[in-house]
Amino acid sequence: MITVQDLELRAGARLLMDEVSFRIDKGDKIGLVGRNGAGKTTLTRVLAGEGLPAGGKVTRTGDIGYLPQDPRTPDMEQLARDRILAARDLDKVITKLRAAEADMASDNPGVRDKAMRRYDRLENEFLAGGGYAAEAEAAAISSNLALPERILNQPLKTLSGGQRRRVELARILFSGAQTMLLDEPTNHLDADSIAWLRDFLKSHQGGLIVISHDTELLEATVNKVFHLDANRATIDQYNLGWKKYLAQRETDERARRRERANAEKKAGVLMDQANKMRAKATKAVAAQNMAKRAERLLAGLEDVRAQDKVAALRFPDPSPCGKTPLMAEGLSKSYGSLEIFTDVSLAVDRGSKVVILGLNGAGKTTLLRMLAGVSAPDTGRIIPGHGLKIGYYAQEHDTLDTSRTVLENMRASAGNMNDAEVRGILGSFLFSGDDVNKPAGVLSGGEKTRLALATIVASSANVLLLDEPTNNLDPASRAEILGALKNYTGAVVLVSHDEGAVAALDPERVVLLPDGDEDLWSQDYLDLITLA
């Protein structure tokens with residue numbers, strides 16, 4: 001269904017992969033893994049036809065459903081239900097059916113008769129596309145992704161980022177695409193939805209490529225693993241399930257290290273002998289032959305996989321501030337008749353740690369945006385304290401200017417830092433050389449996460465507002481972030497579905513939305529995190 005021949009991918013001048021070939025056939029369920037920035041997102045965009053390779057050829061047959069990390073919906077006025085049904089072009093037919101129904105109630109007999117004939121024609125078209133059974137199927141998928149009827153009847157612009165992403169996932173699953181390319185599909189899903197998604201993907205009869213840091217999902221669904229090796233610019237392909245892949249990869253690496261060590265030892269002995277023999281003119285030819293043998297021994301070997309680089313993350317020492325740098329009083333937010341939350345008040349003391357919990361759509365992201373000054377409340381006010389300096393991390397990377405380069409985004413946040421200091425921070429977040437001149441818009445989700453965090457490091461903030469900061473990160477980078485979070489001495493307000501992130505923060509207080517109730521933190525709240 002997708003055939004790749006001699007593929008070459010680049011990020012700017014940096015080579016991501018070279019002369020890579022593979023096929024995705026019916027029944028192939030492939031886990032695409034590798035460190036952040038290795039090229040996973042770039043590869044899936046090219047496979048989906050949304051990007052062009054630097055070289056090689058990609059041939060596609062059949063429908064492809066692609067879920068990017070940061071989906072962008074074209075019409076934010078569209079109802080969530082219609083966005084999902086659009087995957088089979090049923091949304092347009094339903095809209096016309098509704099209009100025909102309205103005209104059938106007309107007092108004008110001519111209008112009424114025309115509407116009845118139009119309704120019959122449209123209903124036949126609707127039934128040919130799956131009709132009421134398809135509507136029920138879409139509703140079932142949506143319900144299992146925690147998108148109830150109330151959400152489906154709302155315009156996309158009224159939904160949270162997490163809800164919109166679940167709408168996009170529901171649309172792809174409902175589409176019936178023969179090949180699905182899913183980039184971090186479990187982001188913003190609760191535990192029940194993740195369990196349901198595993199079963200859905202297991203039963204999918206077509207092709208599948210999934211990028212995920214959820215090892216349980218990979219273990220349950222994939223029968224092949226493609227490892228993108230950023231150091232060798234290639235893909236190691238394993239026709240194995242997840243657990244067998246992990247064991248085989250370790251075995252391969254041990255064998256590769258042994259083989260290279262033995263060859264280097266033999267080559268070293270040959271080169272020592274060659275060097276000794278070069279001193280005698282009568283043995284110069286023999287010495288040259290020995291040196292060539294040593295070179296051949298090393299030339300036939302694969303490189304040993306180098307250790308992947310990890311961002312060296314440390315949050316800044318906070319700028320001095322007053323006892324209570326940030327307060328909020330009586331905040332409320334509604335979209336039309338839909339009330340998100342009302343009368344929420346909060347005081348963030350110097351160095352305090354607060355976690356915000358609530359179900360998807362309860363307003364967690366909305367509250368953080370208000371505290372950051374990005375969105376205005378319908379009622380209430382934000383009260384900045386003495387010396388307040390906010391560092392805001394948005395889960396959809398809204399703080400980044402995607403038209404600017406990595407370096408330009410950093411300079412905009414770095415205050416009085418000189419160019420060497422700015423580049424130093426970028427280097428610690430694995431942006432170096434030509435990478436700093438890439439537009440932020442072409443970065444993968446993990447790279448955007450690292451850049452957004454780098455801008456916070458450059459800001460010397462004393463209050464961090466962090467919205468799902470561990471999404472899209474590989475395990476090593478996630479561990480770095482959790483360590484930095486644990487050691488940060490400023491105030492933090494955290495929204496996260498990641499139990500490890502909350503545990504690392506070791507919060508003192510919890511705010512429960514939508515009611516805005518505040519409580520002292522206890523371990524009992526950990527159970528609510530994945531359920532939320």
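The structure presented is a predicted model; accordingly, all values stated were derived computationally and were not measured.
In terms of heavy-atom proximity, S413 sits nearest to T455 at OG-CB, 3.5 Å. Here the closest heavy-atom approach between residue T365 and residue Q395 is recorded as OG1-NE2, 2.8 Å. Residues P469 and V495 come closest through the heavy atom pair CD-O, 3.9 Å. The two residues L451 and M410 come nearest to each other via the heavy atoms CD1-CG, 4.0 Å. Nearest heavy atom pair, residue Q78 against residue R83, reads OE1-CD, 3.5 Å. Residues I84 and A138 approach most closely at CG2-CB, 4.1 Å, considering heavy atoms.
Side-chain atoms of Q5 do not come within 3.5 Å of backbone N or O of S21 as any donor-acceptor pair. Side-chain N or O atoms of N462 include one that pairs as donor or acceptor with a backbone N or O of S319 at under 3.5 Å. Side chain of D192 to backbone of A146: no donor-acceptor contact under 3.5 angstrom is found. At distances below 3.5 Å, not a single donor-acceptor pair connects side-chain atoms of R369 with backbone N or O atoms of V374. Panel note: side chain S175, backbone I172; a donor-acceptor pair is recorded below 3.5 Å. Put simply, the side chain of R450 gets close to the backbone of F429: a donor and an acceptor are under 3.5 Å apart. D183 places no side-chain N or O within 3.5 Å of a backbone atom of I211 that could act as its donor or acceptor partner. At distances below 3.5 Å, not a single donor-acceptor pair connects side-chain atoms of E250 with backbone N or O atoms of A247. A distance-only check finds a donor-acceptor pair linking the side chain of D28 to the backbone of D25 [under 3.5 Å]. Judged by distance alone, the side chain of K438 and the main-chain N or O of V406 form no donor-acceptor pair under 3.5 Å.
One finds the OG1 atom of T405 at 11.0 Å from the CZ atom of F431 (value rounded to the nearest 0.5 Å). Between the OG atom in S212 and the CG atom in N187 there is a gap of 8.0 Å [rounded to 0.5 Å]. Note that CZ of R23 is 11.0 Å distant from CD1 of I30, once rounded to the nearest 0.5 Å. I456 contributes atom CD1, which lies 6.0 Å from atom CG of L464 (distance to the nearest 0.5 angstrom). Put simply, OG1 on T42 and CE on M17 are 7.5 Å apart, with the number rounded to the nearest 0.5 Å. With values rounded to the nearest 0.5 angstrom, D199 atom CG is found 12.5 Å from I194 atom CD1.
Using a 4.0 Å cut-off between a side-chain N of Lys or Arg and a carboxylate O of Asp or Glu, R411 and D419 qualify as a salt bridge. E168 has a carboxylate O that lies under 4.0 Å from a charged side-chain N of R171, or vice versa, which qualifies the two as a salt bridge.
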Let's go through V225 and K244 carefully: what are the C-alpha distance in whole Å and the side-chain angles of both, what is the deciding distance for side chain to side chain contact (heavy atoms under 4.5 Å, CB included) to 0.1 Å, and is it a yes or a no? CA-CA 10 Å; V225 179; K244 289 183 178 178; over 6 Å; no
Step by step, would you call I24 with L47 a side chain to side chain contact (heavy atoms under 4.5 Å, CB included)? CA-CA 10 Å; I24 307 169; L47 295 179; 4.3 Å; yes
Verdict with reasoning, H204 to M180, per side chain to side chain contact (heavy atoms under 4.5 Å, CB included): CA-CA 9 Å; H204 177 59; M180 293 192 294; 3.8 Å; yes
Determine, step by step, whether W242 and L217 satisfy the side chain to side chain contact (heavy atoms under 4.5 Å, CB included) criterion, reporting the C-alpha distance in whole Å, the side-chain angles of both residues, the deciding distance to 0.1 Å, and the verdict. CA-CA 10 Å; W242 180 249; L217 179 79; over 6 Å; no
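At a threshold of 4.5 Å between non-hydrogen side-chain atoms, the residues V46 and V4 do not count as touching. Using a 4.5 Å cut-off on side-chain heavy atoms (C-beta onward), K224 and Q237 make no contact. A 4.5 Å side-chain heavy-atom check between D498 and R478 finds at least one atom pair inside the cut-off. Taking the side chain as every heavy atom from C-beta outward, Y238 and L246 never approach each other to under 4.5 Å. Contact check for I235 versus L7: no side-chain heavy atoms found under the 4.5 Å cut-off. By the 4.5 Å heavy-atom criterion applied to side chains, R81 and L147 are not counted as neighbours. No side-chain heavy atom of L156 sits under 4.5 Å from any side-chain heavy atom of D75. Taking the side chain as every heavy atom from C-beta outward, D236 and R249 never approach each other to under 4.5 Å.
R45 CZ: 12 or fewer foreign heavy atoms inside a 6.0 Å radius.
For T449 and Y393, the side-chain atoms include at least one donor-acceptor pair closer than 3.5 Å.
No option in K364, H188, E468 other than E468 meets the side chain to side chain donor-acceptor pair (under 3.5 Å) test with H497.
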